[in-house]
Amino acid sequence: LVSPSTPTRFLDSLIGDVLTSSITILQDLTYTTVYITSLSLSKTPLPSKTLLTTLASHLNYACTLSPLLCRFNQNLRLSYDKKSRLPLLNALKYFVAAAVAVKGSGGRMW
């Protein structure tokens, strides 16, 4: 997870793969957490839809991009350490996935 500054170990790669595979689950948990928290903090029966949607969308972007950029950095470091070009293809894959996530959001990240 701190791969640009330290060499990538097997455990780091495994954690990165698990986080990358669980992006949809993280998004669902984020929305549920925001909704339950806003219900408990709100004085009205239902929280405002715009606040809930805005906060959940910002956290969803973070949950989507963090694992992808983490794996991107891990592959760049792996390519540097092993002096191999093959991890660069994986880095490109994660970079393109992050770009698709940003573009799929309509370009309005924040």
Side-chain angles (χ1 to χ4, degrees):
L1 297 175
V2 290
S3 59
S5 58
T6 61
T8 302
R9 299 173 305 174
F10 175 75
L11 184 62
D12 297 330
S13 295
L14 181 67
I15 291 172
D17 281 339
V18 168
L19 287 176
T20 303
S21 299
S22 63
I23 287 176
T24 305
I25 297 168
L26 288 174
Q27 289 175 338
D28 292 341
L29 287 174
T30 300
Y31 189 80
T32 303
T33 305
V34 167
Y35 187 76
I36 290 173
T37 304
S38 65
L39 277 179
S40 65
L41 296 177
S42 177
K43 293 179 181 157
T44 61
L46 289 175
S48 71
K49 182 114 172 124
T50 56
L51 174 67
L52 181 68
T53 305
T54 303
L55 185 58
S57 67
H58 289 347
L59 290 174
N60 275 339
Y61 292 132
C63 287
T64 302
L65 293 179
S66 299
L68 294 173
L69 294 179
C70 174
R71 287 295 292 154
F72 173 74
N73 286 330
Q74 285 178 349
N75 283 304
L76 288 181
R77 180 60 191 230
L78 194 60
S79 174
Y80 176 77
D81 288 341
K82 297 202 181 233
K83 307 281 191 258
S84 173
R85 292 184 185 173
L86 189 60
L88 289 177
L89 291 175
N90 271 339
L92 178 66
K93 175 179 75 172
Y94 290 113
F95 181 77
V96 168
V100 166
V102 170
K103 186 64 176 171
S105 69
R108 40 180 208 285
M109 284 293 292
W110 312 107

Check: Can you list the residues that meet the side-chain hydrogen bond (donor to acceptor under 3.5 Å, both in side chains) rule with Ser79, with sequence neighbours excluded?
Finding: none
Notebook entry, point to check: With hydrophobic residues grouped by side-chain heavy-atom distances under 4.5 Å, do Leu76 and Tyr94 end up in a single group?
Noted result: yes
Margin query: Phe95: which residues meet the ring pair (Phe, Tyr, Trp, His ring centres under 6.0 Å) condition with it, sequence neighbours left out?
Written below: Phe72
Check: What pairs with Asp17 under salt bridge (Lys or Arg N to Asp or Glu O under 4.0 Å), at least two apart in sequence or on another chain?
Finding: Arg71
Margin query: If we check side chain to side chain contact (heavy atoms under 4.5 Å, CB included) with Thr32, which of these qualifies: Val34, Ile36, Leu29, Thr30?
Written below: Ile36
Notebook entry, point to check: In Å, rounded to the nearest 0.5 Å, how long is the span from CG of Leu78 to CG of Leu88?
Noted result: 9.5 Å
Notebook entry, point to check: How many angstroms lie between atom CG of Leu68 and atom SG of Cys63, to the nearest 0.5 angstrom?
Noted result: 11.5 Å
Next item on the list: Sequence neighbours left out, what pairs pass salt bridge (Lys or Arg N to Asp or Glu O under 4.0 Å) with at least one residue falling in residues 87-96?
Entry: none
Next item on the list: Tell me whether Leu69 is reachable from Ile23 by hopping between hydrophobic residues (I, L, V, M, F, W, Y) whose side-chain heavy atoms are closer than 4.5 Å.
Entry: no
Item checked: Heavy-atom closest pair, residues Thr64 and Gln27 -> OG1-NE2, 2.6 Å
Note to self: Going by the rule side-chain contact (heavy atoms from CB on, under 4.5 Å), which residues pair with Asp28 if we only count those two or more places apart in sequence or in a different chain?
What the structure shows: Thr24
Next item on the list: Determine which pairs satisfy side-chain hydrogen bond (donor to acceptor under 3.5 Å, both in side chains) with at least one residue from residues 83-92, sequence neighbours left out, and list them in order.
Entry: none
